[in-house]
Amino acid sequence: KQWYQRRVRGTLLTLVVIVLVGGYRDYTGYTILRVSVGSKEDFNQVLDLESSGDLSLFSEAHTGHVDVLVAPGKLAQCQNLLKSHDISWSVQVEDVGEVVNTERNKLRNAPPLSKGEITYDNYHRLNVLHDHLDSLETKYPMKAKTFTVGQSYLKNDIKGIRITSNVTEGNDKPAIWLDGGIHAREWVSPATVMYIIDALLGEVEQDKAAKMSELLETFQFYISPSINPDGYEYSHTHDRLWRKTRAPAGCKDNKKNWFGGCFYYLCYGIDPNRNWDVDFGKESVSKDPCSQIYPGKHPFDQKNTQAVSDYLTSLANNLVLYVTYHSYSQLFLTPLGYTTTPPPNADYYKAVGDAVVDAIYKRNGAEYINQQSAALYPASGDSADWTHDKLNVTDTYTLELRPDENSYKIGFELPPEHILPTAQENVDGLIALIDNMAFSKL
């Protein structure tokens with residue numbers, strides 16, 4: 001009975017919060033705890049607490065802990081539950097709403113942009129990203145050609161741009177794929193990918209013109225800066241900390257009432273980086289459709305992941321490098337993510353990763369860590385592992401961008417003044433990656 005009452009109270013609290021904000025979710029009084037997860041068992045205990053409505057996962061656990069979001073009035077209860085499982089924790093942010101509101105006010109006061117313009121001193125909506133891609137195609141008709149991967153559940157285009165020395169020629173060059181924004185709230189990811197696009201075309205980083213020309217002569221780049229457009233837009237218009245897609249996912253705890261509706265409430269979105277058909281649904285996932293790491297009912301049941309995987313498959317014969325940009329933690333993650341067993345070519349991945357993090361450090365002094373994606377514990381169904389296993393691409397990597405885990409208490413709320421240095425260092429990191437991957441040495 002106590003368990004049932006606790007769950008109902010948590011459900012009602014969630015509903016009250018959503019109703020009260022009238023459109024944009026209010027995080028006033030929410031707390032972020034940093035929870036130690038020294039083992040897979042610890043992480044599973046945290047997942048159980050999420051499923052019961054006591055907390056919400058806020059970050060991945062690549063470094064021995066996770067940040068969790070706790071609703072107003074539930075802090076003491078959550079802390080006691082963690083303590084009962086011998087799991088240690090510390091308070092990271094006492095009032096999440098204050099931080100979110102400060103960022104939102106800055107965005108509201110930003111000067112308007114001309115169509116096609118982009119800046120790297122603020123975060124931008126999806127239409128700004130797409131309009132800028134169109135402007136680059138117009139400005140560089142021989143080097144740049146936009147494409148549409150497909151459409152999302154809400155019929156937003158998943159847009160990309162192909163960049164090479166001459167886009168009017170055939171597409172038989174070795175292909176490099178870069179993407180960003182698979183998790184909606186990771187705003188610095190699309191911004192960094194857009195900057196890399198600008199760098200390849202000489203809009204920025206003009207001192208690297210000769211190097212960029214060399215890369216475009218050798219490779220063709222396919223780049224899609226926001227592959228979860230529904231979630232990205234929703235994080236701007238309704239919920240700054242939204243992570244998932246926006247398609248209906250199922251009933252809370254998969255429980256329906258006698259009339260066929262949801263016993264508690266309907267959940268929206270799945271984790272698009274748990275939805276790929278590789279070791280699907282096995283590790284570091286939740287069966288609760290409301291969970292931040294709910295993988296979906298089956299692989300590729302989300303329109304955006306299906307569209308991107310189809311497009312990648314069409315490039316498979318030429319694809320030599322896949323890089324996906326996330327935030328946060330400042331990590332360079334190498335294969336594989338669904339098993340802690342090191343791959344046979346682990347020494348190769350270490351050498352490549354060391355070159356990347358060294359290049360990143362030399363640019364602005366940011367320290368990234370090079371490690372296997374599953375260094376601490378595995379997670380199933382991610383895009384890099386799928387590209388590695390299903391398309392037989394050796395070089396598939398995930399970048400977790402700024403900040404590190406201690407500089408800013410809410411990692412997804414990276415201040416706008418850090419967009420540019422984050423993007424700059426990852427241009428250098430990408431160049432080092434291409435220069436050191438196996439293909440470049442053939």
Side-chain angles (χ1 to χ4, degrees), residues 117-137 140 144-149 156-164 175-205 208 212 215-216 219-229 231-233 235-236 272-273 304 308 311-312 321-328 330-333 356 360 363 368 383-384 387 396-402 412 414 416 418-434:
E117 182 184 5
I118 198 168
T119 64
Y120 296 101
D121 59 359
N122 213 341
Y123 296 105
H124 303 293
R125 298 282 294 277
L126 185 68
N127 67 298
V128 174
L129 309 186
H130 288 182
D131 287 347
H132 187 62
L133 296 182
D134 290 338
S135 74
L136 293 174
E137 179 184 45
Y140 302 99
K145 179 68 175 176
T146 61
F147 62 90
T148 300
V149 176
N156 285 305
D157 285 342
I158 305 166
K159 198 161 190 173
I161 190 166
R162 177 178 172 238
I163 302 173
T164 191
I176 292 173
W177 174 277
L178 313 177
D179 68 48
I182 195 168
H183 288 141
R185 62 195 178 192
E186 299 171 7
W187 286 2
V188 74
S189 165
T192 296
V193 174
M194 291 299 294
Y195 188 87
I196 291 171
I197 291 169
D198 276 352
L200 287 169
L201 290 170
E203 292 285 288
V204 295
E205 306 278 338
K208 295 182 174 64
M212 296 306 181
L215 292 177
L216 298 190
F219 301 99
Q220 52 181 333
F221 290 80
Y222 292 83
I223 309 177
S224 187
S226 182
I227 63 172
N228 177 13
Y232 183 69
E233 275 295 283
S235 71
H236 279 270
N273 207 39
N304 62 320
V308 175
Y311 204 94
L312 285 167
L321 174 62
Y322 172 91
V323 185
T324 181
Y325 292 87
H326 294 237
S327 72
Y328 56 97
Q330 295 180 196
L331 302 172
F332 182 79
L333 301 175
V356 172
I360 288 173
R363 182 65 184 263
Y368 284 55
S383 63
T387 307
T396 63
Y397 305 101
T398 300
L399 265 295
E400 294 282 358
L401 303 172
R402 292 195 191 194
F412 306 116
L414 183 69
H418 289 271
I419 298 172
L420 185 57
T422 301
Q424 290 172 335
E425 66 205 19
N426 277 282
V427 168
D428 289 9
L430 178 62
I431 291 173
L433 172 54
I434 295 171

What's the spacing between [X] [atom1] and [Y] [atom2] if we round to 0.5 Å?
X: Ser224; Y: Arg162; atom1: OG; atom2: CZ; answer: 15.5 Å
X: Ile163; Y: Leu200; atom1: CD1; atom2: CG; answer: 5.0 Å
X: Thr396; Y: Trp177; atom1: OG1; atom2: CH2; answer: 14.5 Å
X: Leu331; Y: Thr398; atom1: CG; atom2: OG1; answer: 10.0 Å
X: Tyr222; Y: Lys145; atom1: OH; atom2: NZ; answer: 12.5 Å
X: Ile176; Y: Ile434; atom1: CD1; atom2: CD1; answer: 3.5 Å

Run the side-chain contact (heavy atoms from CB on, under 4.5 Å) check on Val427 and Val204 step by step: do they pass? CA-CA 10 Å; Val427 168; Val204 295; over 6 Å; no
With a 3.5 Å distance limit and no angle check, can you tell me whether [X] reaches the backbone of [Y] through a side-chain donor-acceptor pair?
X: Tyr120; Y: Met194; answer: yes
X: Glu186; Y: Gly181; answer: no
X: Glu233; Y: Leu126; answer: yes
X: Asn273; Y: Ser383; answer: yes
X: Thr148; Y: Lys159; answer: no
X: His124; Y: Leu129; answer: no
X: Ser189; Y: Tyr325; answer: yes

Checking Thr146 now: which residues fulfil side chain to side chain donor-acceptor pair (under 3.5 Å) with it, not counting sequence neighbours?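 With neighbours one apart ignored, the set is Glu137.
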Test side-chain contact (heavy atoms from CB on, under 4.5 Å) on Met212 and Leu215 and set out the steps. CA-CA 5 Å; Met212 296 306 181; Leu215 292 177; 4.1 Å; yes
Flag the pair [X] / [Y] as yes when at least one side-chain heavy-atom distance between them is below 4.5 Å, and no otherwise.
X: Pro416; Y: Ile419; answer: yes
X: Leu136; Y: Asp198; answer: yes
X: Tyr328; Y: Leu414; answer: no
X: Ile360; Y: Val356; answer: yes
X: Pro421; Y: Arg402; answer: yes

Applying side-chain contact (heavy atoms from CB on, under 4.5 Å) to Leu321 and Tyr397, what does each step give before you reach the verdict? CA-CA 8 Å; Leu321 174 62; Tyr397 305 101; 3.9 Å; yes
What are the two closest non-hydrogen atoms of Ser226 and Ile158, and how far apart are they?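 Looking at all heavy atoms of both residues, the closest pair is O-CG2, 4.2 Å.
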Search all heavy atoms of Val149 against all heavy atoms of Tyr311 and return the closest pair with its distance.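 Result for this residue pair: CG1-CB, 3.9 Å.
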What class does the angle between the rings of Tyr232 and Trp187 fall in, given that below 30° is parallel, 30 to 60° is tilted and above 60° is perpendicular?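 If you compare the ring of Tyr232 with that of Trp187, the planes turn out perpendicular.
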Can you spot which of Ile182, Leu399, Leu401 makes a side-chain contact (heavy atoms from CB on, under 4.5 Å) with His326?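 Testing each of Ile182, Leu399, Leu401 against His326, the sole residue satisfying side-chain contact (heavy atoms from CB on, under 4.5 Å) is Ile182.
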Applying side-chain contact (heavy atoms from CB on, under 4.5 Å) between Pro225 and each of Leu133, Asp179, Thr192, Ile161, report the one that passes.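 In the set Leu133, Asp179, Thr192, Ile161, the residue that makes a side-chain contact (heavy atoms from CB on, under 4.5 Å) with Pro225 is Leu133.
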Would Tyr195 and Thr422 count as a side-chain hydrogen bond (donor to acceptor under 3.5 Å, both in side chains) here? Give the steps. CA-CA 10 Å; Tyr195 188 87; Thr422 301; over 6 Å; no
Taking only residues two or more places apart in sequence, or in another chain, which ones meet His132 in a ring-ring contact (aromatic ring centres under 6.0 Å, His included)?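 Not a single residue meets the ring-ring contact (aromatic ring centres under 6.0 Å, His included) criterion with His132.
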Regarding Ser327 and His183, do their side chains bring together a donor and an acceptor under 3.5 Å, going by distance alone?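 Side chains of Ser327 and His183: no pair found under 3.5 Å.
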Before giving the answer on side-chain contact (heavy atoms from CB on, under 4.5 Å), spell out for Asp121 and Leu420 the whole-Å C-alpha distance, their side-chain angles and the decisive distance to 0.1 Å. CA-CA 7 Å; Asp121 59 359; Leu420 185 57; over 6 Å; no
